[in-house]
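A, B, ... follow the sequence lines: proteins, then strands. Residue 1 opens every chain. None of the values given here were measured: they were computed from a predicted structure.
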Amino acid sequence: MEYNHREIDQKWQSKWAAEGTYNAESGTDKEKFYVLDMFPYPSGAGLHVGHPLGYIASDIFARYKRQKGFNVLHPMGYDAFGLPAEQYAIQTGQHPEKTTAINTERYRQQLDNIGFGLDWSREFKTTDPSYYKWTQWIFIQLFDAWYDHNEGKSKHIDSLIAHLNANGTEGLNAAQTEILEFTAVEWSAMSEAEQAEVLLNYRLAYRSESNVNWCPALGTVLANDEVKDGLSERGGHPVVQKKMMQWSMRITAFADRLLEGLDRIDWSTSLKETQRNWIGKSQGATIFFDIDGHEGQIEVFSTRPDTLFGATFVTLAPEHELVQKVTTEGQREAVEAYQAMAAARSERDRMADTKTISGCFTGGYAIHPISGAKVPIWIGDYVLASYGSGAVMAVPAHDSRDYAFAKHFDLPIIEVVEGGDIAKESYDAKEGKMINSDFLNGMECMDAKVKMIEHLEGIGYGKGATQYKLRDAIFGRQRYWGEPIPVYYENGVAKTLPLEALPLTLPEVDKYLPTEDGEPPLARAENWTFNGHPLETTTMPGWAGSSWYFLRYMDAHNDGEFAGKASTDYWNQVDLYVGGSEHATGHLLYSRFWTKFLFDMGFISFDEPFKKLVNQGMIQGISAFVHRINGTNTFVSAGLKDQYDTQAIHADVSFLQGDELDVEAFKNWREEYKNAEFILEDGKYICSREVEKMSKSKFNVTNPDDIVEKHGADVLRMYEMFLGPIEQSKPWNTQGLSGVSGFQRKFWKLFHKGGSFNLSDSPADKKALKAVHTCIKKVNEDIENFSMNTSISAFMIATNELTDLGDNSREALEPMVRLIAPFAPHLAEELWEKLGCKGSVNHAAYPVHNEAYLVEDSKNYPISFNGKMRFQMELSLSLSPAEVEAVVRADERTAGYVGDKQIRKFIVVPGKIVNIVIG
RNA sequence: GCCUGGGUGGCGGAAUUGGUAGACGCGCUGGAUUCAAAAUCCAGUUCCCUCGGGAGUGCGGGUUCGAUUCCCGCCCCAGGUACCA
């Protein structure tokens with residue numbers, strides 16, 4: 001009886017859907033388990049075999065947990081706002097909502113084909129107004145909040161207003177855009193507009209004039225994580241710096257907590273490290289230099305205040321506000337020329353070219369805060385205006401950039417930490433004894449750092465300080481296809497919409513492009529106002545909707561709250577989150593930020609969203625190339641291509657049988673190849689192969705639908721797992737499927753001895769039970785460790801052994817059905833039904849191994865003979881070393897001699913193995 | 001440059017705390033079955049070799065009775081990040 005995968009897949013998928021087999025239970029006293037996949041952006045290209053890899057792994061885990069008796073939440077939805085749908089809309093005039101609906105439909109079909117155990121009753125798209133109503137609501141909560149560093153948490157803006165009313169800024173320790181100081185009286189005297197302006201300085205969602213990454217080609221601003229190497233992540237267009245009025249999120253207020261939280265979650269070290277680098281905490285000191293002949297001071301930040309005695313000049317960023325003041329008449333022309341040049345260089349040029357040293361002397365001098373020496377003030381574009389105070393004290397002996405600068409402009413270099421050879425290069429290491437440093441001499445430099453900070457604080461010329469690389473996140477986008485920001489402007493003052501007015505839905509526009517005078521597309525909408533006041537025209541970035549979606553699944557249809565407290569308390573953190581590591585500095589950081597905020601405000605009771613995170617690797621495609629001889633329409637087989645001058649062209653992998661090209665199929669592919677000639681080797685045309693990213697444009701895509709159609713969903717599921725460790729990237733190879741397909745057939749045959757379903761009720765063979773329980777043990781361990789690839793091997797081994805033994809007892813085979821259910825749910829359901837068992841196998845208890853079936857008889861065997869002879873004995877696990885020795889002595893062969901050789905030594909590993917060295 | 005991860009057959013990849021390296025699968029070779037092919041089944045498959053063995057987990061050392069595993073020094077690959085003071 002053959003396994004008909006088409007019929008069986010169909011039968012169970014409909015049944016699951018009809019019965020809601022995978023819907024999470026409500027009002028249960030079972031322990032919960034929340035498994036989540038990073039929801040997809042439904043692109044027009046549909047899914048390829050790489051996309052479901054993580055979904056399959058999480059599905060196996062979720063099914064396993066369900067069988068272990070947990071109430072499992074495993075939902076799915078779509079992250080549907082974003083650029084591709086909008087760009088398509090710009091080109092075709094079609095509303096992005098329509099494109100999104102079509103793509104979503106396609107994704108759903110493809111996902112259903114694979115037989116995922118998902119709770120579709122909680123499905124939503126981030127573009128649903130019923131969802132983004134609450135994204136907008138969260139924005140309003142952020143607008144109505146500030147961050148109190150004294151208490152280390154976010155608080156409602158009313159508490160800040162109360163503080164300002166009573167004390168002004170006295171005693172205030174808030175996260176802020178710029179440092180403000182005023183009294184309660186001054187505060188009260190301000191107009192409403194002035195007060196609103198001041199409050200924006202503290203709000204967690206705020207509007208300010210700031211330097212942004214502007215992408216002219218896309219016509220929008222981008223967040224730091226959306227820019228790679230000075231180009232936009234999407235499209236690869238150049239990005240320039242520009243000052244603009246912008247909505248931002250004060251994520252920097254949470255920098256320390258975002259770092260600290262990493263210690264409490266189970267993520268990969270590399271991912272945590274990526275986030276730590278991105279946050280970029282440095283501890284050091286702020287140091288003040290008086291300016292020779294002028295009022296005011298230059299503030300610098302240094303992680304090495306211990307080297308202050310080695311500071312021989314000060315460098316300001318070209319844009320630094322003090323440049324104008326310190327520049328002498330004689331240097332003014334040169335300085336202005338340098339500033340102009342630096343301003344003309346784009347961020348990208350500046351980054352690409354870090355070798356060229358450039359700078360200019362201002363003519364002014366700063367006063368060394370301790371020695372009182374005059375040190376020259378330079379400007380140089382190696383100093384970034386946006387980090388720290390935009391000024392550095394240059395210590396060329398112990399900083400490689402300062403060293404290069406000093407060498408280039410012939411500035412003095414003073415060694416203050418022993419250990420390097422400063423004639424050759426700077427000594428940047430943070431170890432060594434201090435020299436040439438007055439009261440620090442002889443100290444270890446890290447001790448000297450502490451001492452110096454104390455000293456500076458004592459004389460009022462500096463204080464300990466911490467800097468972060470992390471910047472506030474730009475939140476507004478000059479685009480159509482995003483959540484409207486729920487803000488209107490009354491006499492120029494930004495105000496948020498009341499809850500009754502939400503959702504603020506996207507208006508209809510005639511075109512999805514900016515207006516002629518550069519306003520965002522929403523400005524095209526007729527009557528884009530609230531109560532007669534103009535509404536904000538920028539929309540939210542792609543990461544807004546994905547920063548809290550895991551909470552919505554807990555209570556997906558709640559119209560009165562983003563999610564009810566009872567639901568969020570029960571489901572709590574996501575226990576297992578599976579997705580790609582490319583979201584390390586975007587989504588995964590922003591959702592941690594929003595979670596901490598919602599926690600502070602008491603809306604949820606946990607402050608880290610994802611307890612355990614697994615990053616799945618990418619499945620690559622193996623592209624095929626044909627080689628066309630330049631200037632001809634003749635193609636030469638791969639083995640002969642070096643004899644010609646050729647160009648490699650992608651050929652569709654579907655034309656290949658192994659590495660051999662189906663020449664006819666290729667000829668019919670495109671008009672230009674119709675009359676192509678082929679130079680064969682051994683009568684075949686062989687293509688060369690290369691592993692690349694799987695992509696439509698490389699013609700190396702495998703569609704999961706085709707695999708499901710040919711081999712069934714279970715084979716696809718098991719093969720994707722069998723491919724290798726989940727975290728690793730690996731190429732897709734369709735050939736390998738036959739192994740898993742053959743396994744499935746063999747497994748099915750175990751239950752169909754003699755052609756029809758046939759199990760014996762006699763007791764199982766002892767060896768069969770051993771094979772089954774070995775498999776149970778291995779699979780349980782593998783799933784817990786998330787290494788499902790070796791589970792498939794374990795299934796294959798057990799199946800081969802059972803086939804060889806010819807055992808078809810119910811006792812041995814019934815547990816195998818429950819065991820394989822998470823991997824091959826359709827197969828398992830079918831067999832479960834044939835076994836006459838009640839209910840879905842997906843709710844049947846997961847098998848637990850019985851140690852008694854696994855015990856080996858102890859045995860002795862020689863492992864090698866190499867000058868000395870060694871015996872290795874496997875003994876009972878419970879023996880002490882002394883007992884082991886007794887056993888060995890009792891053994892005839894080891895009673896002092898083995899043959900004519902005397903025992904030299906026992907090496908006893910307690911509890912397991914004894915080695916006996918003989919010689 | 002810095003941080004993180006990783007180098008095992010023709011390929012994907014296995015190897016508790018150090019204990020017979022190469023499980024499982026693909027591919028390949030030979031055989032059975034077949035008019036033939038596909039499918040299926042059986043046997044073999046790390047490399048070298050004089051068929052008795054010898055070498056072998058990126059390279060060079062070390063610890064150990066014993067190292068893919070632990071330590072030291074290199075090389076290479078992948079990802080992240082980059083004038084962040």
Side-chain angles (χ1 to χ4, degrees), chain A residues 228-229 268-278 280-282 284 287 300-305 307 311 315 317 350-351 353-357 380-384 386-395 398-402 404-405 428 467-471 581-582 584-585 615 617-618 622 658 718-719 722-725 727-743 745-746 749 778 781 787 789-800 861-864 866-872 874 904-907 909-919:
Chain A
K228 294 256 184 300
D229 301 327
S268 73
T269 41
S270 69
L271 200 89
K272 287 187 187 183
E273 214 43 49
T274 302
Q275 289 212 343
R276 285 194 188 104
N277 284 342
W278 188 260
K281 181 175 184 171
S282 327
I287 303 172
V300 305
F301 174 74
S302 174
T303 52
R304 298 292 304 277
T307 63
T315 313
R350 221 161 129 166
M351 282 197 292
D353 176 25
T354 59
K355 299 264 185 310
T356 315
I357 293 150
D381 71 358
Y382 79 98
V383 179
L384 302 178
S386 53
Y387 182 77
S389 56
V392 300
M393 65 175 209
V395 184
H398 305 289
D399 181 286
S400 54
R401 293 152 305 180
D402 296 341
F405 197 84
D428 295 14
Q467 281 289 336
Y468 300 90
K469 281 195 260 183
L470 184 71
R471 305 291 151 79
S581 55
E582 65 273 20
T585 53
N615 293 125
M618 251 201 293
I622 307 181
M718 289 192 283
Y719 184 57
F722 188 58
L723 231 36
E727 304 88 349
Q728 237 159 70
S729 290
K730 55 241 157 181
W732 177 263
N733 173 9
T734 302
Q735 262 177 345
L737 266 168
S738 62
V740 175
S741 184
F743 154 70
R745 197 162 36 238
K746 276 191 216 166
K749 261 172 91 173
K778 178 77 178 136
E781 286 167 1
S787 58
N789 54 326
T790 47
S791 299
I792 307 295
S793 296
F795 280 121
M796 289 175 174
I797 293 167
T799 302
N800 287 341
Y861 51 94
I863 54 172
S864 68
N866 186 12
K868 298 168 183 174
M869 180 183 270
R870 291 182 208 99
F871 277 87
Q872 188 178 48
E874 254 178 50
R904 276 265 188 80
K905 190 175 173 188
F906 291 88
I907 299 144
V909 181
K912 196 163 183 194
I913 282 169
V914 57
N915 286 306
I916 307 137
V917 181
I918 302 160

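The 5' end of RNA chain B is approached more closely, in terms of each residue's nearest nucleotide, by A:Glu273 than by the other of A:Gly388 and A:Glu273. Of the two residues contacting RNA chain B, namely A:Trp278 and A:Glu781, the nearest-nucleotide position lying further toward the 5' end is that of A:Glu781.
Phosphate proximity of B:U40 to A:Arg745: present, with a side-chain N or O under 4.0 Å from OP1 or OP2. For the pair A:Ser400 and B:G1, the criterion of a side-chain N or O lying under 4.0 Å from OP1 or OP2 is not met. Not one side-chain nitrogen or oxygen of A:Asn789 sits closer than 4.0 Å to the OP1 or OP2 atom of B:G25. Between B:A85 and A:Gln467, no contact under 4.0 Å exists linking OP1 or OP2 to a side-chain N or O.
Within the nucleic acid shown, A:Ser282 comes within 4.0 Å of sugar-phosphate atoms alone, with no base atom in reach, counting heavy atoms only. If you check every strand for non-hydrogen atoms under 4.0 Å, A:Ser270 touches sugar and phosphate atoms only. Counting any heavy atom pair closer than 4.0 Å across all strands shown, A:Pro725 reaches sugar-phosphate atoms only and no base atom. A:Lys746 comes within 4.0 angstrom of the backbone, heavy atoms only, and of no base. Residue contacts shown for A:Ser738 are limited to sugar-phosphate atoms, with no base heavy atom under 4.0 Å away. Residue A:Gln728 is in sugar-phosphate contact alone, with no base atom involved, counting any heavy-atom pair closer than 4.0 Å across all strands shown.
Remark: the backbone N or O of A:Arg304 is paired with a side-chain donor or acceptor of A:Ser302 at under 3.5 angstrom. Judged by distance alone, the side chain of A:Ser741 and the main-chain N or O of A:Leu737 form no donor-acceptor pair under 3.5 Å.
What separates OH of A:Tyr719 from C1' of B:C24 is a distance of 13 Å, to the nearest Å. In this structure, A:Ile622 places its CD1 atom 13 Å from P of B:G27, rounding to the nearest Å. Distance A:Asp399 CG to B:C2 P: 14 Å, rounded to the nearest Å. Atom C1' of nucleotide B:U40 and atom NZ of A:Lys749 are separated by 8 Å, given to the nearest angstrom. In this structure, A:Asp381 places its CG atom 17 Å from P of B:A85, rounding to the nearest Å. The separation between A:Trp732 atom CH2 and B:C26 atom C1' is 13 Å, rounded to whole Å. Spacing between atom CD1 of A:Ile797 and atom C1' of B:A14 amounts to 9 Å, rounded to whole angstrom units. In this structure, CZ of A:Phe722 is placed 10 Å from P of B:A14, rounded to the nearest angstrom.
Using the six-membered ring where Trp is involved, A:Tyr387 and A:Phe301 have ring planes that are perpendicular, over 60° apart on the 30 and 60° scheme.
Which of B:A15, B:A85, B:G80 sits closest to the side chain of A:Thr303 comes down to B:A85. Considering only side-chain atoms of A:Tyr382, the nucleotide from B:A85, B:C83, B:G25 that sits closest is B:C83. Distance from the side chain of A:Gln735 is smallest to B:G27 among B:G27, B:A85, B:C83. In the set B:A15, B:A23, B:G13, B:G13 carries the atom at the smallest distance from any side-chain atom of A:Lys730. Closest to the side chain of A:Asn277, from the set B:G80, B:G25, B:A14, is B:G80.
Using Watson-Crick or G-U wobble geometry with both donor-acceptor distances under 3.5 Å, B:A15 finds no partner in any strand shown. Nucleotide B:C2: paired with B:G80 (Watson-Crick or G-U wobble, both distances less than 3.5 Å). If you check B:A43 for Watson-Crick or wobble pairing at under 3.5 angstrom, you find it paired to B:U29. Pairing for B:C35 is absent, judged as Watson-Crick or G-U wobble with the two contacts each under 3.5 Å. Base pairing of B:G53 is made with B:C48, judged by Watson-Crick or G-U wobble geometry with both donor-acceptor distances under 3.5 Å. Base pairing of B:U64: no nucleotide in any strand meets the Watson-Crick or G-U wobble criterion (both distances under 3.5 Å).
More than 12 heavy atoms of other shown residues, nucleotides or ligands fall within 6.0 angstrom of atom NZ in A:Lys730.
Between A:Glu781 and A:Lys778 there is no salt bridge, since none of the side-chain N atoms of the basic residue sits less than 4.0 Å from a carboxylate O of the acidic one.
Nucleotides B:U40 and B:U34 place their C1' atoms 11 Å apart, quoted to the nearest Å. Using P as the reference atom, B:U20 and B:A36 are 47 Å apart when rounded to the nearest Å. Going from the P atom of B:G10 to that of B:C48 covers 9 Å, rounded to whole Å. Across B:A67 and B:G54, the matching P atoms stand 16 Å from one another, rounded to whole Å. Here, B:U69 and B:G56 have their P atoms 13 Å apart, quoted to the whole Å. Nucleotides B:U46 and B:A15, compared at atom C1', are 16 Å apart to the nearest Å. Nucleotides B:G60 and B:U68, compared at atom P, are 13 Å apart to the nearest Å. As rounded to the nearest Å, B:G53 and B:A21 have P atoms that lie 16 Å from one another.
Nearest approach of A:Asp402 to A:Met393, heavy atoms of both residues: OD2-O, 3.9 Å.
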Q | Verdict with reasoning, A:Tyr719 to A:Ile792, per side-chain contact (heavy atoms from CB on, under 4.5 Å) | A | CA-CA 8 Å; A:Tyr719 184 57; A:Ile792 307 295; over 6 Å; no

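Between A:Thr585 and the options A:Asn277, A:Leu271, A:Thr274, a side chain to side chain contact (heavy atoms under 4.5 Å, CB included) holds for only A:Thr274.
Because its glycosidic torsion is within 90° of 0, B:G9 is reported here as syn.
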